[in-house]
Structure formats: structure tokens, C-alpha cells
J.: 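Please read through the structure below; I'll follow up with questions.
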Amino acid sequence: FIINNFVFFIFLFFSYAVSSKIEPFYKGGKVQISNDEQYIFCTCGSRVNILEISTGKIVHCVEHDDQEDITSFAVSSDDELLVTASRALLLKQWDWRRASCTRSWRAIHTVPVASMTFDSSSTLLATGGCDGTIKLWDVVKQYCTHNLKGSSGVVHLVQFHPDISRLQLFSSSLDCGIRMWDLRSSQCVCVLQSHYSSVTSLSFSADGGTMVSSGRDKICTVWDLNTRQAKRTVPIYEAVEGVVLLPKDADLSQLGVKSKDSHFITAGSKGILRVWHASTARCVYTQKAPSTLSSATGEAEDQDDNPFGLTHLFYLPASHRVATVTAEHNILLYQLPGLTTQQQFVGYSDEVLDVKFLGKNDSHIVVATNSSQLKVFELLTNSCQILFGHTDTVLTLDVFKKGFLFASCAKDRSVRVWQMDSDSGQVCCVAQGTSHTNAVGSISCSRMKASFVATGSQDCTVKVWDLPPDLSSEDICQLTPRTTEKAHDKDVNSVAVSPNDKLLASGSQDRTARLWSLAVDGNISLLGVFRGHRRGIWSVCFSPVDQVLATSSADGTTKLWSLQDFSCLKTFEGHDASVLKCIFVSRGTQLLTSGSDGLVKLWTIKTNECVKTLDAHQDKVWGLHASRKDDKMVTASADSNITVWADVTEAELAEEQAKQEDQILKQQELSNLLHEKKYLKALGLAISLDQPHTALTVIKAIRSGEDRCELLEKTLLKLRVDQKESLLRFCVVWNTNARNCLDAQAVLQVLLTHMPPEELLQYQGARTHLEGLIPYTERHMQRIGRLLQASMFLNYMWQKMRVAGGPTRWDIVRRLSLCGSERDNQLVVFASLIRICMVHCLELLSR
């Protein structure tokens, strides 16, 4: 279009492709980190996912064919073998880098395996079963070496002594004792009694003489393995899930380690790490929890079922790091000696409710899940920041124009504003407000500058909150609404601010959308009501260029409304269920919609046409957002998947154009080869183009010349095996048409004559092709048989008939002498024969 003599081109999108995905990879259970500290192994139902720490991507995945859940797994000390156990009582050994099962065998356990571990030599595998027995397997010679009995109940912990020369195995079961097994005699040499609840982990000193055990009875016990006695019982005052002895030769003064005595670090139900002096049982360091974590959890920190609790703890000696796993399936890596957070990975996000691009060049996304936490992902590495602040489920998000400031609202009736540091990428809360009397389900930020936010709530009101001009202060600003309006009769599901910050739109469960004026004095006034949807409205959105409002509804439609007279301009129908979100793209010329059917649709507004349907989710697509440059979008669904889409329209058009140019060049080359009678190259080129009709043209050209049989045979036998496979497939197509069946049969004659059946049957799809050839070939044979019979009858009639009054042979010869050309003579003969035959047939019928 043209504005002020300037020509503007709008490029319409027609295609998106998946650029990256953030998928759930851990839903609880065992976690193990490889000895080279490059991969994290974790269970996810019937799969074991392998996450690469450096990129945050799932690089490998192994899954049982029977789809049975994996109950336990173990990775060998040399990181070469992975062994899994499922509920089907099968043990499988994997080459996990190739995701191939190298061996499987039946576990001797009568019930599923609960725990597994390898020894330091990667030779022995120990499995602890729910039947109270422990089996030891030699994975090299592939046989069971030990069957250890005596444990009571489920054996949930097995661990070899790190010194392989001792040949000792430690186990724990429901009796809360720690059994020490001598593998030379296959006997339990002692039971270490100290805990009164489940023993969760064991950690050994470097010299192998000291062991620390942790339990859910809120204590840790330090053991002297030489005397097999408890040296010290340390009260931890929380259910401890993991314990690690710290190295004595490292400088850990930042963690309160002032001597070379034994110190250990614990992780438990309070969700923080603490360092303890083993000899004095004194806590020398307590990890500082985020300030918002304390306000969010409150008294929950003192409870054993704290959702922010830690379930696993690992020490990574090569990189001098500590890794923890939280009860919400997040994996965090801390760098020693300061326990600074280095990386965070979200294993499972549950239902994703909203998602928005964030940061410079849209390098991050902020995600609201079925949780009180917000998650900020870096798209390049999938590393995540977890933001605490809300005390109930966060429902929706919105981002200000520059992309470094965003707002959130939640079921806790509060509104929060967050700011990302442009250099470090760290996010912190800078403002909060509470005024609604019910859950806040929608929020929209001002578009011109960061001056206000508008919210809609289940209390049927709309509020506008002014932001202070300076949000960089360390203290969190308290927001108060400048105006409140009773907007609808039911829940307000969506609010949107116009591009010029002068209008506000709201959509409600009462099936209406309303337009409000944002006055300079701070008040809002109703301008009009949009009526026409048959069910509640889920989303409202202003066009960036036109005076148009888009609404999406639970009735499965999306409508465009005029802001002048509040009339419906267009209706887009195509979703099979509720349309949950709609946004404008391509400078307002196209719409993106997402629905409860798991689909995302791209619409061209001018033609009302759905030009693309994207299917990458299995459940409701709640989140939909486009980047500021309109070159990518992100979708988030209730199936826990977050998908980033890139616009590939230009790339596909360029690829299609390149293909067309290549086709033209090859067609010209083909014409030249046919003209030069280079049939072999011409046929090979036609096959490479995958064009049966072009290949048929070459075959016809070969059969039209002299010595056609020899030339055809010579040409076909020089083709490669893959070219002969394609030619056989082409013959099936040609043989369906009576005009081309002779060419197909000629090719088949050459192939069948010079190639043994065994070789033909090795061709891909050979049996299917031959089955397709048989019925049409039989039909052609029947047709030829009928023609042959007709020709014999004609010859018989020519020889035997005597027709009264009919022309004699001399009459026909005389007529031929009077005709001009040879073709005319043939036509005359043919016409005379037809007439003679018809007369004779009539005489026969009259008799």
C-alpha cells in the first residue's frame, strides 16, 4: 500500500515450522548424573531421558517396548552402560548413545525392582527388589552371582563401597537398618542401627573409612566403617533426602568450613542446603533462600510435605558443583564454594497457562504454569530461572513494549510487576498490588510506555493500576488502583489496552465484550458493547493498524468488530472447540488463534481463509504470543509442552523457486538429450526427477526408432538398481492406461527376461508393484484376444462370402485406381470391407 508517496510492502505469513520445544523430561523418581558430568539421566514414565547439561536439550531417550513404567535404572561408572528395570520384571541393558537395547533378561525378583546400582568397576550390578531380596549380576559374563536374602520389605537403597577391593555392599529396607554385606561370603556381616525412619542416602569419605547416612527421621549419622559403630548422630530438624561428604582438600571457607575435619551438606524438606560439622554436630552454613520464597511458603518450610523441598543431592567433583532435585521436579546446579546458582532445569511444568517472549531480541520466554512460581527460560540453553512471589497459581502474563518489564496476576488476588536486567538476564519483582476480592484472571500492559497496567478479575471488576516512574529501586513498590469499574455480570476473562493507550477492551463469561475509554483524569467510561457470541469470550485483542477489535469465544468462533459502530465485520470459523486466544500478526493483516482442540490456525483477514493449521499439542493451547519482529511465535499447552515456531515462509518460497528453476534446467537438459538421442542419460534424468510421464516419453522415443528392441534392452540393462526400482514403479502407472500398456509391457519384458525373480523381489515394494501389474495385464490380454477373434472373423468373411448385388473384388480394384493417395486407397478398402460385413451380417440376421 501507499502512504504519502511511500510504498509499503506487507509480507503475509503462510507457514511456520517448529524451531524448538521445551518438553517434560522428568516426572519424579530416580535421577543420576554421569561421571563425566555432561549428562543427567532421569525417568519419565516408560522412558529414561538423557539431558545434556551444556545445552539443556534432551539428546537421547530409551523406552521399553511394552510401555511399562520404569521402576529403576543405573548407569555404569564408565558411562557406557545403562540398565533399566520395568514393572514387567524385565532388565534391559542399553547402548544409550544409540538408544538401542543390547540385551534383556528376566529378573529373578518376583516383584518389581526398587533400586539399582553399579560398582566402581562397571562389572557388578546390584538390584534391590520389593520382595526383600538383592541380586548381583555380572554384566560382562551375563549371569547372576549372588542372591542376598534377609532384608524385610522393599529394598529401596543399594550402594557399593567405593573401594572395590573390600567387596562390600550396603542396603536399606523398611526396617530402617543399614545392612553391610560381604560379597565373598554372601553374608550380612552387620546391621547398622541408628535411624527410626527410611534411610534415604549414603555418602563415603575419600579414604573409605567413614560413612554418613541420612534419613527422614530428621537425623544424619556418622559411621566408622572400621569399627562398624556410630561416631556421631547429628540432628538436622528436617526430613533429610540427600547427604554428601565434602572434600577435605577444597577451600570451602565461604560455607563456614574452617578446619580439615569432616563436613557434610544436607538437602531436605525445607528446600535449602545446609553444611554441618560432623564432629560437633553444628550447622556452620545455611543457604539463603530467596526473599520471595519465604513469603511464598510461610509456615510450609517447617512441614515435611513442603512443595519446595529437595528430593536428591549430588556432588560433582570434576566441576566442583552440587546438584539438587526439588519436589516440583526442578534440577538446580550450584557452583562451589559459594553455592551460587549456575543452571536450573524444569523437569515438568504441569499445565502451562500462559507464555510471553521476553528480553533482548526475544531471547527468553516467561511461563506461567499450574503453580505459584514463574519460570523464565533462556531459549538458547533451556536454562531456567524460577521466580517466587505469588502464593497461588499464576493465571496470565503480559509484557511491556521494550520486553524487559512484564506483569503477572494470580489466584492470590495480587498483581506483580517484574523487571529483567538487560545485562545479566536476572529477573526480580519491582512492584506488587492487592485490591481485587477474587482471583485475577487477566492483565494487560500499557503500549506506549510503562505507565500503567489493567486487570480483570473473577469479581467482575476491571482495575487500572498506575506504575511509579522509577521501578529500579531495591524495595518492592506497592501499587494501588487509580480506578475500579464494575465491568461485567460474570468473570472477566480478558482485558486489552489499545496501541495508543486511550482505549480498554474487556471480554467476559457473560458472552459480551465491552469498550472503555481511558480518560486522562484516571477514570474509565463505557463506550459500547459488542454482542454476538453465543458463549463466553476468552480473549480480546486490538488491531495494531486498524480500528478493529478481535474476540475469541467458547462458541468456537473468532470475530472482528468495528470500533466505530460496534458491528461485527467478520467471523472466522474452523476450530472444533473453544478458541482460547487470538493475536494479530503480519501488521494486522492476519490472525493467529489457538483452541481447546490443540490446534493453532493462521487466518488471512481479507479473504477469511485459514491458510495454515499447526498441530503440535495434545491438549488446550492456553498460551500464544508473537515476537516483536513477527518472525516467530510461541505456544504453550495443557500437555506441558512449550513450542517455539519460526516463520519459514520466505525459506519455503525460496526453496520452491529453486526447485522450479532446477526443474526447468533439467527439462531443458532432457530435451537436449532426447534430441541428441542420448537415451540412457535422458532416462536417468527423468527417473531422478521422479516424473513417470517424462520417463514414458523417453521410452516411446526409444521404441520409435530402428532396432528398437535391442536399443531398449541395451538402455535398460545399463541402469542402476535404484533406477530399475523406480522404473518398475513407473510401469505400474503406465500399465493402467491402454494407450501406454505396450510400452510398459516392453519394459517389463526386458526386466523379466534378464533378471532372476529373486533379484526382482528384493526391490523395494516389488511385491506390491507386481500385484498391481497382474490385473491390468490380464485385462489387456483379454482385449487383445477379442481383437484377434474379430480379425479372424473378418478374414473368414472376406474369403467365403458371396453377396448378391455387392461389389466384387474387381470393383474394389477399379475404385482404388481412381483414388489419389495411398492413404485414400486404404480408407476406401476399409470402408468397402465394413459395408460388405454389415450387409452380410444383415442377411444372416434375416435368416
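As the structure is a computational prediction, the values presented were derived from the model and not from experiment.
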J.: Are any of the side-chain nitrogens in Arg587 or Asp630 under 4.0 Å away from the carboxylate oxygens of its partner?
T.: no

J.: Can a donor-acceptor pair be found, under 3.5 Å and without considering hydrogens, that links the side chain of Asp639 to the backbone of Gln618?
T.: yes

J.: Using side-chain heavy atoms (C-beta onward) and a distance below 4.5 Å, is Asn641 in contact with His617?
T.: yes

J.: Return yes if a side-chain donor-acceptor contact under 3.5 Å exists between Thr369 and Lys375, otherwise no.
T.: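 Yes.
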
J.: Establish, yes or no, whether the cationic atom of Lys30 lies under 6.0 Å from the six-membered ring centre of Phe73 and within 45° of the ring axis.
T.: yes

J.: Taking the six-membered ring for Trp, are His64 and Trp94 parallel (under 30°), tilted (30 to 60°) or perpendicular (over 60°)?
T.: tilted

J.: So, the side chain of Glu241 versus the backbone of Val325: is there a donor-acceptor pair under 3.5 Å, distance only?
T.: no

J.: Using the side-chain contact (heavy atoms from CB on, under 4.5 Å) definition, which of the options Val346, Ile50, Ile331 pairs with Phe25?
T.: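 With Phe25 as partner, Val346, Ile50, Ile331 yield a single side-chain contact (heavy atoms from CB on, under 4.5 Å), made by Ile331.
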
J.: Do Lys620 and Ser596 pair up side chain to side chain, a donor and an acceptor below 3.5 Å, judged on atom types alone?
T.: no

J.: Work out which heavy atom in Phe314 is nearest to a heavy atom in Val31; give both atom names and the distance.
T.: CZ-O, 3.1 Å

J.: Do other residues, nucleotides or ligands put more than 12 heavy atoms under 6.0 Å from Lys411 NZ?
T.: no

J.: Would you check if there is a donor-acceptor pair between the side chains of Asp555 and Ser553 at a distance under 3.5 Å?
T.: yes

J.: Below 30° counts as parallel, above 60° as perpendicular, anything between as tilted: where do the rings of His390 and Trp418 land?
T.: tilted

J.: Between atom CG of Leu82 and atom CZ of Phe41, what is the distance when rounded to the nearest 0.5 Å?
T.: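 Here the rounded value is 6.0 Å.
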
J.: Less than 4.0 angstrom from a charged side-chain N to a carboxylate O is my criterion; do Asp398 and Arg447 meet it?
T.: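 Salt bridge: yes.
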
J.: Between Ser627 and Asp631, do the side chains contain an N or O donor and an N or O acceptor separated by less than 3.5 Å?
T.: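 Short answer, yes.
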
J.: For salt bridge (Lys or Arg N to Asp or Glu O under 4.0 Å), just list the numbers for Asp362 and Lys629, CA-CA rounded to whole Å, side-chain angles, deciding distance to a tenth of an Å, and then say yes or no.
T.: CA-CA 9 Å; Asp362 299 317; Lys629 292 182 180 180; over 6 Å; no

